[in-house]
Structures are given as structure tokens and as C-alpha cells.
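Just so it is clear, the model here is predicted, and its values are computed rather than measured. Letters go in sequence order (proteins before strands), and every chain restarts at 1.
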Amino acid sequence: MLIRASTRLMQSKKRENMSNKNVVEIQNLLKQFPVGGGFFTALKDVNLQFKTGEFSGLVGPSGSGKTTLLNQIGGLDSPTEGSVNVLNMDLVNASHNQRADLRKTKMGFIFQSYNLLPVYTVFENVELPLILNKIESKKRKELVEQAVEWVGLTDKLESRPSQLSGGECQRTAIARAIVHKPALVLADEPTANLDAKNSHQIMKILVNLNQELDTSFIFATHDEKIMEYLKRIIHLDDGQVTQDDIIEKPKMSL
Amino acid sequence: MMLFHLALKNLIGAGLRTWLNVFVTALSFFMIIFISGMYDGMRKHARQVTIDTEVAGGSYWHPEFDPLDPFTFEDSHGQPPASIQNAIQKQQALPVLVSQASIYPHGRIMPVVMKGIEPSQEIVNLPTHTLLEKTDGLIPVLIGSGMADYTKLKLGDTFMIRWLDVHQSYDADEGIVVHIMETENFKVDMGTIWIPIRKAQTMLSMENEATYVTIAKGVPLLNGTHNWIHRDIDYLMRDMEAMIEADEPGAQIMYVILLALAGMGIFNSQILSIFRRRKEIGTLMAVGMTRSRVVGLFTMEGGMNAFLALIMTIVLGGPFLIYFAIYGIPMPIDYTEMGLIMAKRLMPVYSIALLVSTTLFIAFVVLILSYLPSRRIAKMKPTDAIRGKIT
Ligand SMILES: Nc1ncnc2c1ncn2[C@@H]1O[C@H](COP(=O)(O)OP(=O)(O)O)[C@@H](O)[C@H]1O
Ligand SMILES: [Mg+2]
């Protein structure tokens with residue numbers, strides 16, 4: 001029953017996302033940070049498009065600008081120059097509240113250090129985006145239970161983050177990122193704090209969600225294990241895109 | 001509504017920490033109400049005692065009379081106008097003749113205010129009827145226990161009284177202590193000796209004269225009082241109230257300290273929250289909360305902390321407050337020597353006005369204290385906050 005309902009929802013989502021080809025369009029992006037008296041250029045000449053349903057990753061050594069670029073896409077920081085268009089919103093000209101609203105309704109975030117709210121249970125953490133989106137409580141419960149089921153944490157609903165393993169924490173964070181069926185999920189080094197086994201488990205869950213929900217994923221990573229799952233790998237070096245490869249058959253898949 | 005929901009969750013989720021904060025705030029709430037109630041009780045008691053033993057329904061003063069300037073006593077006497085005399089006849093008024101005198105208890109000299117009063121009066125609550133005692137020609141003298149301590153005079157002791165009569169000549173005679181009264185009103189005690197008014201009038205050669213006339217409670221304003229000045233209750237209470245007010249800075253400092261304590265609890269927990277919960281703030285912004293919403297959430301948490309503290313005060317502190325209101329607070333020190341009108345057991349007064357004003361005031365302070373630190377959130381960069389980085 002639940003599965004069928006969710007499939008219907010996914011299909012409507014799919015249609016909606018199909019209508020606009022690109023989820024993300026970045027043009028001539030320049031990002032500089034004021035450092036001391038001058039500037040540090042973290043991103044330069046970045047031109048990228050991401051399509052609906054892409055499972056892609058920004059790959060590069062530490063300090064290459066991956067997080068900075070994800071923050072630009074998430075509208076958490078504004079560019080120095082250039083334009084960033086996400087889900088049909090021109091982030092450069094959007095207000096603070098409009099960007100917050102976009103994140104709330106159509107985006108999900110996964111962080112390296114999980115960023116769960118420590119005083120909330122798994123259920124409450126996952127429920128948070130739904131509360132912000134003013135979903136009524138019965139529907140919330142339904143959606144949370146479904147999301148938690150996807151990440152296999154149904155038996156931990158009432159646990160607090162402090163009672164969970166790292167893998168379980170990250171799975172909770174994934175449930176939180178996808179519970180409101182966002183069009184785009186941004187994941188910054190989601191496996192950096194996890195061992196190999198948990199990393200693979202997490203990636204399998206995400207690949208599955210990508211196919212089921214048709215949600216676009218953009219990773220930032222230098223983890224080889226993640227790269228094995230990606231269908232597109234964008235290499236960043238010193239803030240510039242050096243390579244952009246489509247991988248027809250990823251080494252790892254479902 | 002959504003913020004309320006989340007704030008409540010955060011407070012409940014924080015568990016013990018919340019309750020500790022709430023407890024500290026509640027404690028200060030309680031102390032503020034307790035101390036304010038004590039002061040109000042003190043004030044009310046002092047007012048009651050002053051009216052009871054001294055002021056009654058107000059008085060009419062001889063035009064020259066200034067109770068704070070003993071040099072006026074020489075000239076401030078006369079026969080009260082007919083209308084006042086009439087009230088005295090009907091025992092609705094009580095004449096008092098005031099003069100300067102010196103007493104010589106145990107050979108020491110001490111200047112005093114000598115007050116002649118009608119012994120059979122029932123207008124002020126003083127045991128003046130004890131002045132009716134037979135004394136074999138000695139001047140019967142009534143003093144307060146404070147005065148007795150100071151002069152080391154005991155019941156039945158005799159001592160020399162010297163005074164200046166109307167003809168500017170000194171006279172002296174022997175007085176005897178006929179009663180030592182316990183009174184909370186130091187103004188009828190310290191530096192004062194009470195003698196029968198007829199005796200005083202004879203001693204001073206001021207037949208039928210008085211310095212002021214105290215009116216019984218509830219007697220309407222008299223007509224035709226000529227140049228005698230009407231002093232109403234409020235005027236006569238001014239001294240006493242000024243004295244309490246002079247003592248008030250102490251209370252106010254206490255109030256401020258307590259409020260600061262309550263405030264610090266909240267401020268501290270807010271500041272701490274904001275630093276400790278940076279990552280949480282960043283996360284909330286990432287999942288789509290606007291800054292103003294986050295500020296609202298933290299302010300609301302502070303406000304709810306105060307609200308819970310109020311409930312805790314009522315539940316835990318209420319019974320104490322009610323107990324004290326009924327049975328009073330035993331006072332450990334005798335404050336009369338400090339020139340304060342104080343009961344041995346103080347009945348605190350918790351007026352609605354006190355409770356409401358305290359609550360509103362604290363609510364206001366708490367809201368400001370919750371809001372101010374939260375404003376830091378508005379300056380935070382979400383990208384830094386997400387990583388829990390301090391900027
Ligand atoms: N707020 C900032 N202020 C100054 N420099 C920054 C800031 N954020 C990032 N940088 C710099 O930009 C570069 C790219 O950082 P980042 O995007 O975090 O790299 P990555 O995620 O690829 O490891 C780094 O050299 C980093 O020091
Ligand atoms: Mg990074």
C-alpha cells in the first residue's frame with residue numbers, strides 16, 4: 001500500500017522534474033573569499049549543468065573547492081561573480097527567504113558529520129523537514145516511517161543520535177534529506193566518517209533512492225568507494241573543473 | 001505554532017539541562033516575590049502601627065509647630081480653637097502638649113521631648129491609662145522600652161525632670177516611671193517621655209493649651225479651626241514612608257541582584273546554547289529555516305524557559321508563600337533599634353499588583369535576554385555554522 005502510494009508520488013515528481021531539463025545551471029562562477037588584505041579564489045570559471053536524476057560527484061583533493069561549490073548550489077553562500085540557477089530559481093537574485101524556501105521544499109542535505117539534532121529522536125530528526133513544510137501530523141508520520149524504512153532504521157525510531165552508530169546516524173541523516181522527496185540532494189563527504197562496510201551500505205541506499213525517487217544527487221567526495229557508484233564524475237582542482245566524465249556503467253550498482 | 005512545537009521539543013529533549021535552567025530561574029522568581037512581599041508587608045505593618053499608635057485620623061497643629069525642630073516647641077502652644085475644643089469634649093480629639101525638657105536618669109543628663117497627653121484617651125493605642133496611677137506627688141512618666149534600655153530606667157525608678165516654663169524660667173521636679181511600654185513605633189519611644197497633660201499644663205503654666213490635637217479615626221473635617229493647621233493622615237505618614245523609602249535602595253539592590261541572577265541563568269543558557277548549538281543552527285538553515293525563524297525559535301525557547309519557571313515557582317514556591325502569608329516570617333533581629341518599625345513576626349503581603357508586575361517585568365527581561373544572544377544567529381554564516389565553526 002505504502003509503496004504504491006509513494007510510487008504514484010514519485011511519478012508525479014518525475015513529470016514535474018522532466019519539464020525543466022536541468023536541475024542546476026552554473027555559468028562563469030567565480031568565488032573568492034577575503035583573506036587578510038586580499039582574496040583567495042576558491043572557484044573559478046565554473047560552468048556546469050546537472051540534469052534531473054543525475055547521480056554525480058564533485059571529486060578532487062581536499063581544498064579543491066568541492067564544499068564551496070556545493071554551498072553555492074545549496075544557496076548557502078553567494079557567488080562573487082557568475083550565475084547559479086537551481087530548480088528554476090536564480091539564486092544570485094533570490095532573497096534570503098526565497099533560497100531558504102527552495103531548500104526547505106525541494107532540497108535535501110547530507111553532511112560528513114551527520115548534523116543530526118542531538119536532543120531529537122530518529123523519528124523527530126527525520127520529521128523536521130516535514131514540520132518546516134507544514135505537513136500535517138498524520139501525513140508526517142506516514143512519510144517518516146516510509147523514509148526510515150528505506151534506510152532500514154525502523155527499529156531505531158525512538159533512539160537518540162548518541163545511541164546510534166556512525167552508519168546509523170548517517171542513515172538517519174539520509175532519511176531526513178529525502179523524507180520530503182526533494183528534487184535535489186547535496187551530499188558533502190557523506191562517507192568520510194564511516195568504515196568501508198557502512199560506506200557501501202549508504203551508497204547502495206542512495207543509488208536505490210536515486211532510481212526510485214528520481215531525485216538528483218550531487219556528491220562532494222574524495223572517497224574512492226563513492227566514485228565507484230557515480231554515473232558522472234566532475235574533477236575539481238584548485239577551484240576549476242579539469243575533467244567531466246559520464247560513466248555509463250558504474251563499477252558498483254544495485 | 002511550528003516554532004512553538006520545535007521549541008517545546010528542544011526543551012523537552014534537553015531534559016535535565018532544561019530543568020536546571022528552569023529551576024534557577026524559578027528560584028529567583030520566588031526570591032523576588034518573597035522579598036518584595038516582605039517589603040510590602042513591612043511597609044503595610046509600619047503604616048498600620050504608625051496610624052494605630054500615633055497618627056489616628058490626622059491632627060491639627062498649632063501654626064508654629066514643627067516636630068522636627070525642637071526650638072519651635074517653646075512657641076508652639078496655645079488654646080485650640082472652639083471647634084477643636086468641642087471635639088476634645090466629645091472625646092473625638094486628643095490634645096498633646098509638647099515641650100523640651102531634660103531628664104537626669106542615674107545622674108546623667110539627657111534632653112528629651114516631654115509630651116503631655118490625656119491619660120484616659122482611647123484615640124491612639126498607647127497605655128496612657130497607666131499615667132493615672134497614684135504617685136504621691138511625683139510626676140507619673142510613661143516611657144517606651146527602647147528609651148528604658150537607653151536610660152537604664154526601670155519600673156518605679158525616680159529621676160529628675162527639668163523644664164523651661166512659659167515665663168522662661170527653669171523648674172525641676174521628680175518623676176517616676178509608672179510603666180514601660182513595648183511598642184514597635186520608635187517615634188513614640190525614643191527620646192520621648194509621656195506625662196498626664198494636666199500635669200504638663202501646670203508645670204509649664206500653659207493651662208488648657210496644646211501643641212497639637214490628634215483626631216479620632218473617622219471624624220470628619222472640623223470647621224472653624226482658625227490658624228491651626230490640619231495635617232491629614234497622608235501628611236503625617238510622609239516621614240515614615242520617607243524612612244522606608246530611604247531603606248528601599250537596599251531592597252532595590254537585592255531586587256536587581258536577584259533579577260540579574262535569574263537573567264544570568266537565562267542569558268547564560270542562551271549564549272551557551274547558541275555556541276553549543278551552532279551546528280544545529282546551521283543545519284536548521286540548511287533544511288530551510290530562515291534566520292529570523294531560527295532567532296524566533298531560540299527566543300521562544302528562552303520565553304518558554306521563563307514560563308516553565310513561573311509554573312515551577314507557583315507549584316514549588318506557592319505553598320511557602322502561602323504559608324508565610326498566613327503565619328508570617330519570624331524576624332531574627334530586633335530592628336527597632338535600627339529605627340525601623342518592625343513586627344516580631346512579619347506578615348508578608350503578596351498583592352495581585354506585586355505578582356502581576358513581577359511576572360510582567362521578569363517576562364520582559366527574559367524575552368530581551370533570550371532575544372539579544374539570539375541575534376548573534378543572524379550574523380552567522382550558514383556555511384560556517386553547519387561545520388560548527390566559531391566565527
Ligand atoms: N569561508 C572561507 N574563508 C576563506 N577561505 C575559505 C573559506 N571556505 C573555504 N575556503 C578555502 O577555499 C578552498 C576550498 O575549500 P573547500 O571548498 O572547503 O574545499 P574542499 O571541500 O574541496 O576540501 C580551501 O582552500 C579553503 O581554505
Ligand atoms: Mg569539503
Identify all side-chain donor-acceptor contacts of residues 108-115 of chain A below 3.5 Å with residues at least two apart in sequence or on another chain.
{"unit_1": "A:Gln112", "atom_1": "NE2", "unit_2": "A:Asn193", "atom_2": "OD1", "d": "3.4"}
{"unit_1": "A:Ser113", "atom_1": "OG", "unit_2": "A:Asn115", "atom_2": "OD1", "d": "3.1"}
{"unit_1": "A:Ser113", "atom_1": "OG", "unit_2": "B:Lys279", "atom_2": "NZ", "d": "3.1"}
{"unit_1": "A:Asn115", "atom_1": "ND2", "unit_2": "B:Thr283", "atom_2": "OG1", "d": "3.2"}
{"unit_1": "A:Asn115", "atom_1": "ND2", "unit_2": "B:Ile386", "atom_2": "O", "d": "2.9"}

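- Using a 4.5 Å cut-off between heavy atoms, B:Arg277 makes no contact with chain A at all.
- Annotation: the span from A:Lys104 atom NZ to B:Met289 atom CE amounts to 9.0 Å, rounded to 0.5 Å.
- Interface residue A:Arg160: only side-chain heavy atoms are found under 4.5 Å from chain B.
- Note that NE2 of B:His5 and CD of A:Glu124 are 7.5 Å apart. Values are rounded to the nearest 0.5 Å.
- With a 6.0 Å radius and a threshold of 12 heavy atoms from other residues, nucleotides or ligands, B:Leu360 has its CG atom above the threshold.
- Top candidate by heavy-atom pairs under 4.5 Å with chain B, chosen from A:Leu128, A:Leu186, A:Ile131, is A:Ile131.
- A distance of 9.0 Å separates CG in B:Leu3 from CG in A:Leu132, rounded to the nearest 0.5 Å.
- Below 4.5 Å, heavy atoms of chain B meet heavy atoms from A:Leu76, A:Asp77, all part of residues 72-80 of chain A.
- Using a 4.5 Å cut-off between heavy atoms, A:Glu127 contacts chain B through its side chain alone, with no backbone atom that close.
- By the neighbour-count criterion of 12 heavy atoms within 6.0 Å, atom CD of A:Glu81 is sparsely surrounded, having that number or fewer from other residues, nucleotides or ligands.
- Between B:Met285 and A:Arg103, the shortest heavy-atom contact is O-NE, 2.9 Å.
- Taking both residues in full, the closest heavy atoms of B:Glu280 and A:Pro118 are given as OE1-CD, 4.1 Å, listed atom of the first, atom of the second, then distance.
- The local environment of CG in A:Asp238 is sparse, with at most 12 non-hydrogen atoms from other residues, nucleotides or ligands closer than 6.0 Å.
- The candidate from B:Leu284, B:Asn10, B:Ile12 with the greatest count of non-hydrogen atom pairs under 4.5 Å with chain A is B:Asn10.
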